[in-house]
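All chains are named by letter (A, B, ...) in the order of the sequence lines, taking the proteins before the strands, and each is independently numbered beginning at 1.
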Amino acid sequence: MSETRQRKTYNPTDLERRWQERWAESGLYKTDEDESKPKHYALTMLPYPSGDLHVGHWYAMTPSDTRARFMRMNGFRVFFPIGFDAFGLPAENAAINRGIHPYTWTMSNIENMRGQLRQMGAMFDLDAEVVTCDPEYYRWNQWFFLKFFEKGLAYREEAPVDWCPKDNTTLAREQVVGPDRRCERCGTPVIKKNLAQWLFKITDYAEELLDFSKIDWPERVETLQRNWIGRSEGAEILFEIEGYGPIEVFTTRPDTLFGATFFVMSPEHPAVDEITTPDRADEVRAYVEKAGRMSEIDRTDVTREKTGVFTGAYAINPANGERIPVYIADYVLMGYGTGAIMAVPGQDERDWEFAEKYGLPIIRTVQPPEDFDGKWYLGDGPAINSGFLDGLNVDEAKERMISWLQENGFGRRAVTYRLRDWLISRQRYWGTPIPIIYCDECGIVPVPEEDLPVLLPEDAEFMPTGESPLKRDPDFYNTTCPNCGGPATRETDTMDTFMDSSWYQYRYLSPHYDEGPFDPERGEKWLPVDQYTGGIEHAVMHLMYTRFFTKVMRDLGLVEFDEPMTRLFNQGIILGPDGNRMSKSRGNVVNPQDYVDRYGSDALRSFLMFVGPWSEGGPWDSKGIEGVSRFLRRALSLVTEGDSSGGDADPSELTRRTNRLVKKITEDLEAFRFNTAIAALMEHTNYLLAIRGRVDDEEWQGAMRTFVMVLSPFAPHHAEEMWAAMGEEYSVHEQAWPGYEEALIQAQEITLIVQVNGKLRDRIEVPADISEEAAKELAVSSARVRPHLEGKELRKSIYVPGRLVNLVVG
RNA sequence: GCGAGAGUGGUGGAAUGGUAGACACGCUAGAUUUAGGAUCUAGUGCCUUCGGGCGUGCGGGUUCAAAUCCCGCCUCUCGCACCA
C-alpha cells in the first residue's frame with residue numbers, strides 16, 4: 001500500500017464512528033459490577049447543559065476518561081458516570097429573552113450534548129445519568145431539606161442579605177466575590193436587602209470542615225477552605241455599659257485588655273439605640289443611616305479614613321474598672337464576632353488610626369523591642385501596664401487573662417469563624433421548590449415527606465421582578481396546611497443550585513431509586529468517590545458544600561464515612577489562542593466540534609492532554625492539534641502499512657524501549673502527567689517507524705501489542721482500530737495493563753558524561769556496568785578532556801555510576 | 001497589606017541536585033509534485049576567530065556539580081482583604 005493511498009484512506013471520524021457504534025452495541029462501557037475486583041469510583045464535575053459541549057468540557061472530561069480507562073485496565077471495576085446540572089439561571093433567562101420554557105430549553109440542550117458526549121467516545125456509563133431538574137432528582141433535594149429542618153440545620157431568618165440586582169436573587173456569602181463584592185455568576189456588584197431567607201447551618205460543621213486528614217486533596221484547596229472558614233481563637237469578654245447592661249465583644253488578644261481605652265460597636269448593632277444618650281441621638285442616628293446607605297464597596301474600602309461617632313455611653317473595662325467611651329464606627333462589622341469590639345490602639349492598626357483621629361488615649365500593653373519606632377505593635381514581648389499580667393509574654397498573658405475572666409465571670413475562651421451559614425433561598429423559578437408551607441395558625445410547617453415532590457409548576461411567569469415567580473401562581477401559592485387543614489401558602493423561593501451538586505455523586509449509583517436519595521446497597525459497593533476531578537473555582541462553594549452534606553448524611557445514618565471524595569485533582573483552564581480566557585465578547589472561543597469533524601475525537605483529546613500539565617491549563621493552538629493528528633496517523637500506519645519480515649535492527653533495543661515506555665506511561669498516568677506520557681508515545685512511535693520492517697515478526701508483534709495497549713487510554717478509537725488490524729481479539733480496552741521489567745530497561749551501553757570542574761567536556765560510550773576505576777581512566781585519557789587537565793593538578797574525581805565522571809582540577 | 005503559585009529557545013513545554021531545552025508547533029534547506037497543499041529527510045538556544053564561550057527573571061550563597069537547595073530582590077497570575 002502506498003503512502004498516497006494510506007493518506008487518502010485516513011479518515012479519523014469514520015474510524016471513530018465505527019468503533020463508537022461497536023462499543024455501544026457490545027455494551028463495552030456498562031459498569032463492571034464484578035465484586036471480586038477492587039472498586040474505583042471516578043468522577044468529573046457534571047456540566048451545566050448550556051447547549052453544546054465546549055472545549056473546556058473536553059479539557060475537563062477527556063483526561064479524566066483516560067485515567068478511568070487506565071484504572072479499568074489495571075483490574076479495577078470502574079464507575080464513571082456523567083449527568084447534567086440542569087437547574088439554574090441561563091435556562092430561565094432563555095425563557096425571558098426568547099419565550100422558550102426552561103424545561104424545553106434545558107432538555108433539548110441535554111439531548112444535543114448527549115450526542116456530543118457519545119462522539120467524545122469516553123467510557124461514561126450513560127445508563128447512570130442524572131438530570132437534576134427532573135422531579136425524580138429534586139424530590140430528594142426536598143427530602144434532604146426536610147431532614148435538615150428536623151435536625152435544626154435548616155432555619156429561616158430575616159437579615160440583611162446579598163442581593164444581585166441583575167440576576168434578581170439573593171446569594172450565599174460564597175457566591176459574592178472580589179474586593180468589590182460582585183455576583184459570582186454575572187459580575188454585577190451586589191447590594192444589601194433585608195429579607196427572610198432559608199439558611200443551612202454549615203457553621204455547625206466549621207470545626208470538622210477544617211479537618212482534612214481523611215482526604216488527599218490539593219494543598220491549595222485546603223488552604224482556600226481553611227481561609228474561608230477563618231477560625232480565630234480568643235475570648236468573649238463582657239463589658240458593662242453604664243445604664244444598660246453587658247455587651248459582649250470577641251477578641252483574639254485578651255492579653256491586651258488593660259489597654260482597651262475605648263469601645264466600638266457596629267452601626268447595625270441591635271443595642272445602638274438603647275445605649276445612645278439623648279444628647280448624642282441625632283448624630284448617632286445620622287451616622288447609622290449614612291452607613292446603611294453606603295454601598296458595600298465603599299464601606300469595605302480599606303484605604304478610607306476611619307469614621308465614627310461617640311454615643312455618650314461609657315463601658316467599664318473589666319480588667320481595671322476604667323470608664324471608657326463607647327463609639328459607633330463602620331469599621332466594625334456586624335457579620336463577624338459579636339459586632340462590637342474592645343479597642344486597643346497600642347496593639348492594633350485600625351484602633352490606633354481611630355484613636356489618633358479622635359484623640360483617644362493609647363496605652364501600650366506589650367513592650368516593643370528597643371529599636372521599634374512604629375505605632376501599633378503586633379509582635380511578642382513582655383506585658384506592661386497590665387497589672388497581674390506584667391512580665392508575661394503574649395501567649396502566657398492570653399492564657400492568664402482567659403482564666404481570670406472565667407474565674408470572675410467577665411468572659412470565657414471562645415472561637416470565632418468567618419464562615420457564615422449557607423443561604424439557600426433564591427427568588428427564581430428554575431430551581432427546586434423549598435418544601436415549606438406557611439399557616440397563620442401553625443406557622444412554619446414542613447411539607448410531609450409523603451407529599452414530595454413539591455412539583456415546580458409548568459406554567460409560571462418568568463418576568464424577573466425580584467419576587468419569586470411562583471408567588472404569582474395562585475395554584476401553587478395557595479394550599480392547605482398539612483397540620484390543621486386551614487388555608488395556607490407555600491414558600492415560593494427555590495433552592496440554590498449548589499444544593500443539587502452537593503449530593504449528586506450519590507444519586508448516580510441508583511438514579512431511579514425511589515425509597516431514598518440512593519440505594520444503600522449500591523452505596524456499599526461504590527462509595528465514596530475515589531477520584532474526583534474538576535476546576536479550582538469551586539473550592540469554597542461546591543467542594544465545601546458537598547463535604548458539609550456528606551457529614552450531615554453521616555449524622556443522618558445514610559453513609560458511614562466522613563468525606564465525599566477521597567482524592568481530588570484540579571485541572572487548569574484551556575485558554576483561547578490569544579492566551580486569554582475564552583469568551584464570546586473576546587471572540588476567541590474555540591468550538592470543539594470543528595476539530596472533532598476535522599481531526600477526530602482522539603486527536604482533540606490527545607492534543608488537550610499534550611498541551612501542558614493538566615493542572616496548568618494553557619492556550620489553544622490549532623497548529624498544535626495538527627501535530628497530534630500526525631502522530632495518530634503515523635501510529636496507525638504502523639499496522640496498516642509496510643511489512644515486518646526481519647532484519648538488522650537490535651531486538652533487545654526494542655524490548656528495552658518497550659519496557660521503558662510502559663514504565664513511563666504507568667508512572668505518568670498515576671500522577672496525572674498526561675503531557676509527558678503522550679510525548680513518550682510520540683517518541684516511541686518515531687522509533688517504531690524507524691525500525692519497522694527491520695526486526696523479526698514475533699518481536700515486532702509483541703512490542704506492538706504492548707504499544708497499542710498503553711496507547712489505548714489516550715486514543716481509544718485509534719488503539720481499537722490498530723488492535724483489530726493486528727488480528728487481536730476485541731477489545732483492547734478489556735486487556736490487562738502491561739507490566740514492565742526494570743532489569744530489561746537497563747541498557748548495555750550508556751553514554752558516560754565527562755566533566756572537568758563541572759563543565760561538560762566529552763561523552764563516551766561505555767558498558768553499563770563499567771567500574772569506577774575504568775570510567776575514570778577513560779575520562780582522563782579522553783582526547784577532548786586532556787587539554788583541560790594540562791598543567792593542572794587533579795584534586796578529586798567524582799563518579800556517578802551510569803551517568804558521569806567529574807574531574808576536579810586546580 | 002496578607003497568603004499561595006509561577007518566571008526556561010521564536011511558541012507550548014521537558015528536565016526536582018548529575019548531558020538544559022525531551023516531545024510538539026513554527027522556521028530553514030532538500031526530496032516528491034505542473035503548482036499549491038500534504039508527506040518524507042536533514043537542521044534549528046544565542047555568540048563564535050570553529051578551539052570554544054555564554055545561557056533557565058535579577059543579585060548573592062551552599063556544592064565536585066544548581067533550572068532544581070538556601071538568602072535577598074524584581075515581575076506576573078490567582079485567592080483573601082477594616083475578620084477585632
Next item on the list: Kindly say whether I625(A) contributes a backbone atom to a donor-acceptor pair with the side chain of S629(A) at under 3.5 angstrom?
Entry: no
Next item on the list: For nucleotides A66(B) and G3(B), find the distance between their C1' atoms and express it as a whole number of Å.
Entry: 28 Å
Item checked: Residues touching RNA chain B, which here means a heavy atom under 4.0 Å, drawn from residues 221-234 of chain A -> L224(A), S232(A)
Ignoring hydrogens and angles, write down the donor-acceptor pairs under 3.5 Å from the side chains of residues 747-756 of chain A, residues two or more places apart or on other chains.
from    : atom 1 : to      : atom 2 : distance (Å)
T751(A) : OG1    : E765(A) : OE2    : 2.9

Notebook entry, point to check: Is the phosphate of C80(B), meaning OP1 or OP2, less than 4.0 Å from a side-chain N or O of R418(A)?
Noted result: no
Item checked: Phosphate OP1/OP2 of G53(B): any R761(A) side-chain N/O under 4.0 Å -> yes
Next item on the list: For RNA chain B, determine which residues of residues 331-341 of chain A have any heavy atom closer than 4.0 angstrom to one of its atoms, and list them numerically.
Entry: Y331(A), V332(A), L333(A), Y336(A), I341(A)
Next item on the list: With sequence neighbours left out, write down each residue that passes ring pair (Phe, Tyr, Trp, His ring centres under 6.0 Å) with Y799(A), or none if nothing qualifies.
Entry: none
Note to self: Considering every strand and a 4.0 Å limit on heavy-atom distances, what is the contact class for R630(A): base, sugar-phosphate, or nothing?
What the structure shows: sugar-phosphate
Check: With sugar-phosphate meaning primed atoms plus P, OP1 and OP2, does V808(A) contact a base, only sugar-phosphate, or nothing at under 4.0 Å between heavy atoms?
Finding: sugar-phosphate
Notebook entry, point to check: Taking only residues two or more places apart in sequence, or in another chain, which ones meet F631(A) in a ring pair (Phe, Tyr, Trp, His ring centres under 6.0 Å)?
Noted result: none
Margin query: Using whole Å, what does the distance between atom P of nucleotide U19(B) and atom CG of N757(A) come to?
Written below: 17 Å
Notebook entry, point to check: How would you label the contact of R173(A) with the nucleic acid (heavy atoms, under 4.0 Å): base, sugar-phosphate, or nothing?
Noted result: sugar-phosphate
Item checked: Under-4.0 Å side-chain N/O to phosphate OP1/OP2 contact, K759(A) with C54(B) -> yes
Check: What integer number of Å spans the C1' atoms of G57(B) and C76(B)?
Finding: 11 Å
Next item on the list: Look at all strands and tell whether R634(A) reaches a base, only sugar-phosphate, or nothing, counting heavy atoms closer than 4.0 Å.
Entry: sugar-phosphate
Next item on the list: Sequence neighbours left out, what pairs pass salt bridge (charged side-chain N to carboxylate O under 4.0 Å, His left out) with at least one residue falling in residues 256-268 of chain A?
Entry: E268(A)-R299(A)
Note to self: Once pairs are restricted to Watson-Crick or G-U wobble with both distances under 3.5 Å, how does RNA chain B read as a dot-bracket string, [ ] for crossings and | for other-strand pairs?
What the structure shows: (((((((..(((.....[....)))((((((.......))))))(((....)))..(((((..]....))))))))))))....
Notebook entry, point to check: Taking for each residue the nucleotide of RNA chain B with the nearest heavy atom, is it L804(A) or K306(A) whose nucleotide lies nearer the 5' end?
Noted result: L804(A)
Check: Does Y417(A) have any ring pair (Phe, Tyr, Trp, His ring centres under 6.0 Å) partners at least two apart in sequence or in another chain, and if so, which?
Finding: none
Note to self: When you measure from the side chain of D602(A) to the backbone of F714(A), do you find a donor-acceptor pair of N or O atoms at a distance under 3.5 Å?
What the structure shows: no
Next item on the list: Scan nucleotides 7-14 of chain B nucleotide by nucleotide, 5' to 3', and note B when protein non-hydrogen atoms come under 4.0 Å of the base, S if they reach only the sugar-phosphate, - if neither.
Entry: -----BSS
Side-chain polar contacts of residues 231-239 of chain A - donor-acceptor pairs under 3.5 angstrom, sequence neighbours left out - could you list them?
from    : atom 1 : to      : atom 2 : distance (Å)
R231(A) : NE     : E207(A) : OE1    : 2.9
R231(A) : NE     : E207(A) : OE2    : 3.1
R231(A) : NH1    : E233(A) : OE2    : 2.7
S232(A) : OG     : Y336(A) : OH     : 3.1
E236(A) : OE1    : R412(A) : NH2    : 2.6

Notebook entry, point to check: Any salt bridge (charged side-chain N to carboxylate O under 4.0 Å, His left out) pairs touching residues 328-345 of chain A, not counting sequence neighbours?
Noted result: R304(A)-D330(A)
Checklist line | Partners meeting side-chain contact (heavy atoms from CB on, under 4.5 Å) with D578(A) (sequence neighbours left out) | finding: N580(A), R586(A), N588(A)
